[in-house]
Protein chains: 2
Amino acid sequence: MEKFAELSGVSRPTVSKYFNDPASVRQSTRARIEEALERYEYTPNIYAINQNRRLTKTIGVVVPYLADPYFAEIARNIETRCIDAGFSPSLFSSHGRQGLEIEILATLRSMKPAGVLLAPLGRSSNYAVVEQFCRDVPTVLFDSNIDNVGNIFVGSDNPQFTSLMVEYLCRTGEPPLFLEMEAPPNPNARKRHAGYVAAMERLGHTPRAVQIPGEGWALEEVGHLGGIELIEKEDLRGKTVLCSNDRLAIGVLAACYQKNLRVGISTNSDLRVAGLDGHPFSSFTCPPLTTVTHDYEAISERTVEELFRLMERDSPQGDREEKLFEGKLLMRESA
Amino acid sequence: MEKFAELSGVSRPTVSKYFNDPASVRQSTRARIEEALERYEYTPNIYAINQNRRLTKTIGVVVPYLADPYFAEIARNIETRCIDAGFSPSLFSSHGRQGLEIEILATLRSMKPAGVLLAPLGRSSNYAVVEQFCRDVPTVLFDSNIDNVGNIFVGSDNPQFTSLMVEYLCRTGEPPLFLEMEAPPNPNARKRHAGYVAAMERLGHTPRAVQIPGEGWALEEVGHLGGIELIEKEDLRGKTVLCSNDRLAIGVLAACYQKNLRVGISTNSDLRVAGLDGHPFSSFTCPPLTTVTHDYEAISERTVEELFRLMERDSPQGDREEKLFEGKLLMRESA
DNA sequence: ACAAAAAATTTGCGCGCGTAAAATTTCAGG
DNA sequence: CCTGAAATTTTACGCGCGCAAATTTTTTGT
């Protein structure tokens, strides 16, 4: 950079200024630098830059499980927005492991990121670690809320999801039973459960939640095995099964197929199956899955937006905020 | 670090050595450092480290489209291996865009990574850029091969995939027609096509490949629309459809369902549908998808292994190597 | 037990840049 | 044309560390 500054005929700090904000130098010097830039090609060393800057231009993005299409889609969306805003997103997946999440937060901390978008593991997050992290680094929590942690949470209104679906299902047929994992990796499951119970009671029905065994993120498999087991134990014909999420539902659809049960709303079907999430591939199941979808665009937009707002005001002021987005019912053929 | 070294009673460079490799200092000094570490908590500044090291401990991982479950799965696998080997993987997705891939490679270049695992866009990669990158940075290409670029490629033997499947399909029923995209985002499609034609001819059948319109990475949708169109144009009953990949097949399954065609090997089915890839969710389709699966474990293991080998020998020596893994037939119910 | 070799540690140096303060240039107003 | 404030550029310094060479300590061979 020293040499490059010489070649362009200005001092090194001026060149430094230029790279931080080309508009901060006089038009004439800017022209000189840009001209030299074309002739000598030079790229500032990001490590030297980041070492000296108090805050970098990096934005950390952490999701609990990147091989889940829902998070893959959200991450893709968020990444694009960060890039467009002139930041360099740095993507991490906790792979469902608490230890990794802690490590990632430590790494992130040392990266001095301008901000972090964190979808925590939730139930299996280390509360104290996440809490302290949010206190030190401008962080927007998304997808999974953790009570009283961080300044802001952006996500979906999970009870509303279930409520919406329950109302629809009750209006159009048999009240649903609720299928969920015994130990769901994602804490939203709890809220969906609560939403289910509330909605059923509001409508004058008796809620019935079925817990199926299994843990981890292989949700389709859990749904499949649990579905098989349920079908063998109980005649599901005429009934309606609302799954805690689309991936479980996909597994249940597979189980129904295997057990020769026709799923759908048509008169010659045996039962209805519905999911929650608006999984990217949910419209290609057989039959296409009726579900409540997140507003992916809105959530990722708002998440990024709120982070930028948080980054600007350096004071960790004010009340904790929660921005919840409602889901939209996708009526398809499975229920 | 200066202060910390004082507190632990050794010189700063010794502490530096300790952090680079705890085994490189004497047992007694190591104990002193670790003791001090517990009392004063100190983390080296990664930026300062990376600025001064000629090569960092970073390993770049680039995939063309992270929201594709296949890449998500591979990336997850690879990341884990890198972490276990003591490196910090840095994950990037090109999101299917050439411009982004170029940017990512530029970023990566400035990150001085110890090595890079690159699954290029393929057809729409900028040949010159990728080629030069592989020349400058130890890089293992995977998934998509680019002729004569880089020192090594690790991937699947695509012609063998198709060949294996065609043989199976011909042995057990009607010879398949081949369904593929007009403009597939992934170059492996070409090899699968070639493998299909070769296998069919070898078996004495007339190959027939059907190109369906569409581009980009929304493969299920492309398969779905293309499937619908095909079904409307032609009676598929009694036939066998081999799709260029599982995601297309999932779309085709949806199309069949919608058009009231029963897919499967059972006698009361209308047609058979098969895919290629061993998509993570392919066993949960209705019916479960018959496919040829990549050896995910072996590929990711080998990919990482070869990178480490490449990193050790600094000379960019020798012939270009290609490590191809055979696929395994997964006989399920769809074909 | 002693010299030579090997291993570990320390000294000295510089990496490439941001940033505050000082020096310079530019520009408006009279 | 001159003065002073504002905008811009330069000077001076230090960030936190890796690395090579020099020094010290430990190990090895006889």
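Keep in mind that what you see is a predicted model, and the values were worked out from it rather than measured. So you know, we letter chains A, B, ... as the sequences are listed, proteins then strands, and number each from 1.
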Closest approach to the side chain of [X], judged atom by atom: which nucleotide of [options] is it?
X	options	result
A/N52	C/dG16, C/dT9, C/dT10	C/dG16
B/R26	C/dT11, C/dT19, C/dT9	C/dT9
A/N45	C/dT25, C/dT11, C/dG16	C/dG16

- request: Dump the intermediate steps for side chain to side chain contact (heavy atoms under 4.5 Å, CB included) on A/F92 and A/S90, then the final yes or no.
  value: CA-CA 7 Å; A/F92 296 87; A/S90 198; 3.6 Å; yes

Pairing residues for [X] by the ring-ring contact (aromatic ring centres under 6.0 Å, His included) criterion, not counting sequence neighbours:
X	value
B/F153	none
A/Y65	A/W217
B/Y296	B/Y70, B/H294

- request: Note down the inter-axis angle between the two ends of the helix from C/dA1-D/dT30 to C/dG30-D/dC1, five pairs each, to the nearest 10°.
  value: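 End axes: 10° apart.
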
Could you state the [atom1]-[atom2] distance from [X] to [N], rounded to the nearest angstrom?
X	N	atom1	atom2	answer
B/N20	C/dA8	CG	P	15 Å
B/D21	C/dA7	CG	C1'	14 Å
B/Y47	C/dC15	OH	C1'	17 Å
B/Q27	C/dA8	CD	P	11 Å
A/Q51	C/dG14	CD	P	17 Å
A/I46	C/dG18	CD1	C1'	16 Å
A/K17	C/dT24	NZ	C1'	14 Å

field: Ring center gap for B/F142 and B/F71 short of 6.0 angstrom
entry: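 No, too far apart.
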
Output yes when at least one side-chain N/O atom of [X] is less than 4.0 Å from OP1 or OP2 of [N], else no.
X	N	result
A/Y42	C/dC17	yes
B/T14	C/dT9	no
A/S16	C/dT19	no

- prompt: Heavy atoms, side chains only, cut-off 4.5 Å: are B/N145 and B/E322 in contact?
  reply: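 B/N145 vs B/E322: side chains touch.
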
message: For residues 34-58 of chain B, which residue pairs pass the ring pair (Phe, Tyr, Trp, His ring centres under 6.0 Å) check, not counting sequence neighbours?
response: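 Residue pairs with at least one partner in residues 34-58 of chain B: B/F4-B/Y42, B/F19-B/Y42.
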
query: Counting heavy atoms not belonging to B/D84, are there more than 12 under 6.0 Å from its CG?
result: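 Yes, the 6.0 Å shell around CG holds more than 12 heavy atoms from other groups.
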
- prompt: Contact class for A/N50 vs. all strands (heavy atom < 4.0 Å): base, sugar-phosphate, or nothing?
  reply: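 Nothing: the residue A/N50, judged by heavy atoms under 4.0 Å, touches no strand.
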
task: Quick one: label B/R54 by what it contacts on the DNA or RNA (base, sugar-phosphate, nothing), any heavy atom closer than 4.0 Å.
output: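 Sugar-phosphate contact only - B/R54 comes under 4.0 Å of backbone atoms but never of a base.
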
Where chain B begins and ends its contact with DNA chain D, read 5' to 3' at 4.0 Å from heavy atoms: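 Using the under 4.0 Å cut-off, the span is D/dG16 to D/dT26.
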
message: So which atom in B/I299 and which in B/V154 form the shortest heavy-atom distance, rounded to 0.1 Å?
response: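 Nearest heavy atoms, B/I299 then B/V154: O-CG1, 4.0 Å.
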
